[in-house]
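Each residue takes its place number in the sequence, starting with 1.
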Amino acid sequence: MSSRLSLGTTAAAVALLSVALTLTAQEPAHASANRIRLGNASDVSRTSWNGPAFTMNGAGAVIPASMGRAVNDITGGTGTMDVVVLAGSAPTSGSVTPECDTVMTLTGVSSCTTWTLTAATDGNNSQVNADVRNAEFVYFAGGDQCKYSAWKGTALEASVESVVAKGGGSGGGSAGHHINSPIVYDACNGSVTSAEALANPYDRYISFTTGMFQWPNYAGVINDSHFVTRDRMGRTMSFLARAVKDGLAPGGAAWGVGVEEGGGSLYLDRNGMATQYGKDAYVVLADHQPEQAVDRKPLTYSGFKIWRLTPGSTFDFKNRPTCGYYLRSVNNGIADANLYTGTPQTNCGSQGGGSTLAETEPNDTRDAANDATTLASPGTVTGSMKSTTDRDYFKVSMNSGQTASVNCAVPSAYDADLYWLDSTGSTLERSVNNGAGSDESVSFTRTAAGAGTYYLELEAYAGSGTASYSCSVTKS
C-alpha cells in the first residue's frame, strides 16, 4: 500500500481538466464515485486490438517506458486508445489525476479517465463499467488493495476482464500491482512485515483473495511491491509457503513477483514474455511443501528458487525457466543472508525430470508406480484419491547415507495414509494420522551400501475426491 503521488500537469491538461470537471458535475453518478476525464470526450472505436499487455509496478506511479510499450503493443503502433485509472481514494496533495497526467503524455493515447471509487458497491456503477468496457487499458492506482479485492464478483471485475479479453491490458502500481496477481495478498487485516510473516506464516495480518483476475501465462503468482526498500523478500517467502501448503496455487508450486519501487516495472506481453524496466524485480518459486508452516510456529522451508531481474532482462512466464536461479532457505523463521543477491545456478540439468511429478493412472501397484527417480530434491509429487480404494505408488531411489523426508498436504475431501516401502513392498515407515485433511509425513535414512529402490504409497483410508494432495520429497 502506498500514497498516490503528484506528477504535475501541463497547461493543456489543466484546461482539459477544467472542461472535464464541468462535464462531471452534469453526469449522474454514484455518490461515492468521482469521474475526471482528460483528452477526447469520445471513446475510440476499433474492431480489434493486439494485446493483451500488462504493467506490474513496484510503486503507485505510472512508468512511462513500460506504459508506452503497452500502448504501442495494444494499438500495434497505429491509431489511439483510451485508458481508465481506478483508485480507491483521492490523492491528498498535488494533482487529482497523477496517473492520467503521465498517461496523456504518451503517444497513442486518446483519453484517460480517473474514477475514484470509495465503496465496494461502486463496482456495480453503470457509468464506471461503461467507461472501463470502452477502454483498452485499466490501471489500478496505489493505495489499498483490500478496497480493490472488495470488487470481486461485481460487474467491475467482469468489465476489467473484458478489456483484457478484447486485446487490451491491465496493470497497476503498489496496491494496483498486488490486485493484478491471481493470488492477492489483500492486506485486509493490516500490513505484515517480513519478520512477522517468517515468525508465523499464519499471522492474522496475512490474508489472501483468490479467484479474481486470472491473466494469461501468469498462473500461480503472488505479487509484492516496494520490494527491496521495504525488505519484503521474507514475507513473500512466507506467502508462497502458505499458498503451497493451503493448495492455493496449481500443481503444488507458487511464484512470487516482487518489484522494487523508484521506477521498477515488469512488463508482460501477449506471449507471456516479461521485460524489466527501471529497477530490479525478483521472481521467487516455492515448488514443494514447506518443512514447517503451521499457525504460531516459525517457517521452515528449504530451497526457494530466486531469479533476479535487472533492468532490460527478460523472464518467460509462458515457458518458465528451470535454471538460472539462486537458492535461499528459511530455518525456524530465520532467512538466509543475502536474500537479494546470489550466483545463478547453471548446472540444473542434473535435476532430470523437473521439480514436480503429477500422478498418471493407473499407478495402483508397485509394478505400475510412477517413476520419481529423476525428481529434483526438493521435489513434489501430486495426485488424488479418486475412489475409497485408491492407492498411488511412486518409485524413488536413494544412495547410501541419504535421508528422505516426505511431507504430504492432504485436502479436506478425504483421509489418506502415507507409507514408505522397500523394493519388495515391505513397510519401513508409515504415517496414519486420523481425520480428513490430516497431513502425513515420514522420514527414512538408507544405511546399506550402494543405491536402493523404494516406493511412496498414498492409500485412501476414508473418503475420496478430485482435490489434489501434494507431497514434498527432500533428500539430504
Side-chain angles (χ1 to χ4, degrees), residues 220 244-245 247 249-254 285-291 301-305 320 322-323 325 327 345 347-386 390-411 414 416-432 439-448 450-460 466-476:
V244 173
K245 174 76 173 181
L285 170 61
D287 59 5
H288 64 86
Q289 285 289 321
E291 286 78 4
Y301 189 104
S302 60
F304 286 101
K305 297 174 180 176
R320 300 185 189 185
T322 58
C323 205
Y325 53 80
L327 295 170
Q345 294 198 7
N347 60 342
C348 313
S350 61
Q351 294 182 2
S355 59
T356 302
L357 174 66
E359 68 156 326
T360 302
E361 294 281 6
N363 62 344
D364 299 331
T365 66
R366 284 183 294 113
D367 289 340
N370 294 153
D371 189 354
T373 57
T374 60
L375 191 69
S377 178
T380 304
V381 296
T382 64
S384 62
M385 297 287 96
K386 296 176 177 60
D390 195 8
R391 295 184 176 189
D392 293 342
Y393 288 82
F394 299 89
K395 181 181 178 180
V396 296
S397 61
M398 293 180 64
N399 295 320
S400 180
Q402 275 192 321
T403 297
S405 299
V406 183
N407 296 280
C408 295
V410 179
Y414 47 79
D417 295 330
L418 172 64
Y419 297 86
W420 182 269
L421 313 176
D422 67 14
S423 58
T424 67
S426 297
T427 299
L428 301 177
E429 301 289 344
R430 67 177 182 173
S431 177
V432 290
D439 295 345
E440 309 288 355
S441 61
V442 297
S443 180
F444 176 80
T445 300
R446 177 173 171 81
T447 57
T453 296
Y454 299 89
Y455 295 90
L456 280 179
E457 179 194 352
L458 273 293
E459 180 179 331
T466 57
S468 294
Y469 60 76
S470 180
C471 299
S472 66
V473 183
T474 304
K475 298 178 186 178
S476 59

*asked:* Just to verify, what does Thr382 make a side chain to side chain donor-acceptor pair (under 3.5 Å) with, not counting sequence neighbours?
replied: none
*Can you find a pair of side-chain heavy atoms, one from Asp417 and one from Arg430, that are under 4.5 Å apart?*
no
*List the steps and the verdict of side-chain contact (heavy atoms from CB on, under 4.5 Å) for Tyr419 and Glu429.*
CA-CA 6 Å; Tyr419 297 86; Glu429 301 289 344; over 6 Å; no
Could you go through residues 466-476 and list every donor-acceptor pair under 3.5 Å that involves a side-chain atom there, pairing it with any protein atom two or more places apart or in another chain?
| residue | atom | partner | partner atom | Å |
| --- | --- | --- | --- | --- |
| Tyr469 | OH | Asp392 | OD2 | 2.7 |
| Ser472 | OG | Gln289 | O | 3.4 |
| Lys475 | NZ | Ser397 | O | 2.5 |

*What residues, two or more places apart in sequence or in another chain, satisfy side chain to side chain donor-acceptor pair (under 3.5 Å) together with Asp439?*
Lys245
*How close do Thr356 and Gly251 get, heavy atom to heavy atom, and via which atoms?*
CG2-O, 3.5 Å
_Checking Ala249 now: which residues fulfil side-chain contact (heavy atoms from CB on, under 4.5 Å) with it, not counting sequence neighbours?_
Ile183, Ala254
*Pairing residues for Thr445 by the side chain to side chain donor-acceptor pair (under 3.5 Å) criterion, not counting sequence neighbours*: Thr403
*Output all residues satisfying salt bridge (charged side-chain N to carboxylate O under 4.0 Å, His left out) with Arg391, sequence neighbours left out; order by chain, then residue number.*
Glu457, Glu459
*Under the side-chain contact (heavy atoms from CB on, under 4.5 Å) test, which residues partner Leu428, sequence neighbours left out?*
Trp420, Asp422, Phe444, Tyr454
*Measure the shortest side-chain to side-chain distance between Glu440 and Asn407 over non-hydrogen atoms and say whether it is less than 4.5 angstrom.*
no
*Who pairs with Thr360 by side-chain contact (heavy atoms from CB on, under 4.5 Å), at least two apart in sequence or on another chain?*
Asn370
*Quick one: list whatever passes salt bridge (charged side-chain N to carboxylate O under 4.0 Å, His left out) with Glu291, sequence neighbours left out.*
none
*Determine the minimum heavy-atom distance between Val244 and Pro290, stating which atoms define it.*
CG1-CD, 4.4 Å
*List in chain and number order the residues that pass ring-ring contact (aromatic ring centres under 6.0 Å, His included) with Tyr301, two or more places apart in sequence or in another chain; answer none if no residue qualifies.*
His288, Phe304
*Check the pair Val381, Leu375 against side-chain contact (heavy atoms from CB on, under 4.5 Å), reporting the backbone distance first and the verdict last.*
CA-CA 9 Å; Val381 296; Leu375 191 69; 4.0 Å; yes
*Of all the heavy-atom pairs spanning Ser405 and Ser443, show the shortest one and how long it is.*
OG-OG, 3.7 Å
*asked:* Quick check against the 3.5 Å criterion: does Ser441 have a side-chain atom that pairs as donor or acceptor with the backbone of Val406?
replied: no
*Value rounded to 0.5 Å, distance of OG in Ser377 from CE in Met398*: 10.0 Å
*Of all residues at least two apart in sequence or in a different chain, which pass the side chain to side chain donor-acceptor pair (under 3.5 Å) check with Glu359?*
Asn363, Lys386
*Taking the side chain as every heavy atom from C-beta outward, state whether Leu357 and Phe394 have any pair of such atoms under 4.5 Å apart.*
yes
*Does Ala369 have any side-chain contact (heavy atoms from CB on, under 4.5 Å) partners at least two apart in sequence or in another chain, and if so, which?*
Tyr393, Lys395, Tyr455
